[in-house]
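Got a structure for you, questions after.
A quick note: this is a predicted structure, and the numbers were derived from the prediction, not measured.
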Amino acid sequence: MVQSLNTTRELTDKGTWYKNGPVYGHVMVGDCAFEFYNDTKLQDYIQIPWDEIAYVVADVYFGGKYIPRFEIRTKNNGTFRFSTRNSRATLKAIQAHIPRESLRKAPSAFYLLKLRFSNLGSLFSHKV
């Protein structure tokens, strides 16, 4: 059995960890760490202490009304993608433990297309 890093639970919600495929389980936000536990395989879990998180990137749609998933980027161990039933409440609970500048909004698809075409236009406008 896995020992939790948290002494108090602030939020628990059903969630999905996008590892190689979706892994279903429970997300727990507590006073010491962000934790994910798998429903079926007990050895499939993740515990991320608050001081290990570099920043959190959230996919935001419709002016913040819909947040399908978020990504936690750590200082040493890489990137982890999650979604929960209520991602807004999960991000609010995470926000209480990390600095405000560590929360970021993912660039939209329209912005990425605009960036691609602006770079493409600069290639053709170069005079020889």
- Task: Report the relative orientation of the aromatic rings in Phe82 and Trp17; use parallel for angles under 30°, tilted for 30 to 60°, perpendicular for over 60°.
- Result: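 Aromatic pair Phe82/Trp17 classed parallel.
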- Message: Nearest 0.5 angstrom please: Arg85 CZ to Lys14 NZ, how far?
- Response: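 Rounded to the nearest 0.5 Å, the CZ-NZ separation comes out at 4.5 Å.
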- How far does CD of Glu52 sit from CZ of Phe34, to the nearest 0.5 angstrom?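 Answer for the CD-CZ pair, Glu52 versus Phe34, is 14.0 Å.
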- How long is the span from the CG atom in Leu11 to the CG atom in Leu91, to the nearest 0.5 Å?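 The CG atom of Leu11 sits 10.0 Å away from the CG atom of Leu91.
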- Item | Least distance between heavy atoms, Ile94 atom then Phe70 atom |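 Closest pair (atom of Ile94, atom of Phe70, distance): CD1-CE1, 4.1 Å.
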- Ser87 side chain to Ile67 backbone, donor-acceptor under 3.5 Å: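 Yes, because the side chain of Ser87 sits within donor-acceptor range (under 3.5 Å) of the backbone of Ile67.
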- Task: Answer whether the closest heavy-atom distance between the side chains of Gln95 and Leu103 falls below 4.5 Å.
- Result: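 Heavy-atom side-chain distance check passes, below 4.5 Å.
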- Message: Can you tell me which residue among Val57, Val56, Ile46 is in a side chain to side chain contact (heavy atoms under 4.5 Å, CB included) with Ile72?
- Response: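 By the side chain to side chain contact (heavy atoms under 4.5 Å, CB included) criterion, Ile72 pairs with just one of Val57, Val56, Ile46: Val56.
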- Is the closest side-chain heavy-atom distance between Asn38 and Tyr24 below 4.5 Å?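 Not in contact.
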- Mind listing the closest non-hydrogen atom pair of Ala93 and Glu10 along with its distance?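 Where Ala93 meets Glu10 most closely, the heavy atoms are O-OE1, 4.3 Å.
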- Does any non-hydrogen side-chain atom of Ser102 lie less than 4.5 Å from one of Ile53?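 No, too far: nothing below the 4.5 Å cut-off.
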- Item | side chain to side chain donor-acceptor pair (under 3.5 Å): pairs with one or both residues in residues 74-83, sequence neighbours excluded |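 Listed once each, the pairs are Tyr18-Ser83, Asp59-Arg81, Glu71-Arg81.
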- Message: Among residues at least two apart in sequence or on other chains, which ones pass side chain to side chain donor-acceptor pair (under 3.5 Å) with Asp39?
- Response: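 Checked Asp39 against side chain to side chain donor-acceptor pair (under 3.5 Å); matches are His26.
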- Without swapping roles, check the side chain of Asn6 against the backbone of Val29 for a donor-acceptor pair under 3.5 Å.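 Judged by distance alone, no pair lies under 3.5 Å.
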- Working to the nearest 0.5 Å, report the span between CD of Gln47 and OG of Ser4.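 Reported value, rounded in 0.5 Å steps: 6.0 Å.
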- Task: Could you tell me whether the side chain of Trp50 and the main chain of Gly30 form a donor-acceptor pair under 3.5 Å?
- Result: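 Pair found, side chain donor or acceptor close to backbone of Gly30.
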- Message: Within the structure provided, determine whether Thr12 and Val27 are in side-chain contact (heavy-atom separation under 4.5 Å).
- Response: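 In short, these two side chains do not touch, never coming nearer than 4.5 Å.
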- Query: So which heavy atom on Val23 is nearest to which on Phe36, and how close?
  - Reply: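 Distance-wise, the nearest heavy atoms are O-CZ, 3.3 Å.
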- Item | Side-chain donor/acceptor of Glu35 to backbone N/O of Tyr45, under 3.5 Å |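 Checking the backbone N and O of Tyr45 against the side chain of Glu35, no donor-acceptor pair under 3.5 Å is found.
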- Going from CD1 on Ile48 to CZ on Arg73, what distance comes out if it is rounded to the nearest 0.5 angstrom?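 The distance works out to 13.0 Å.
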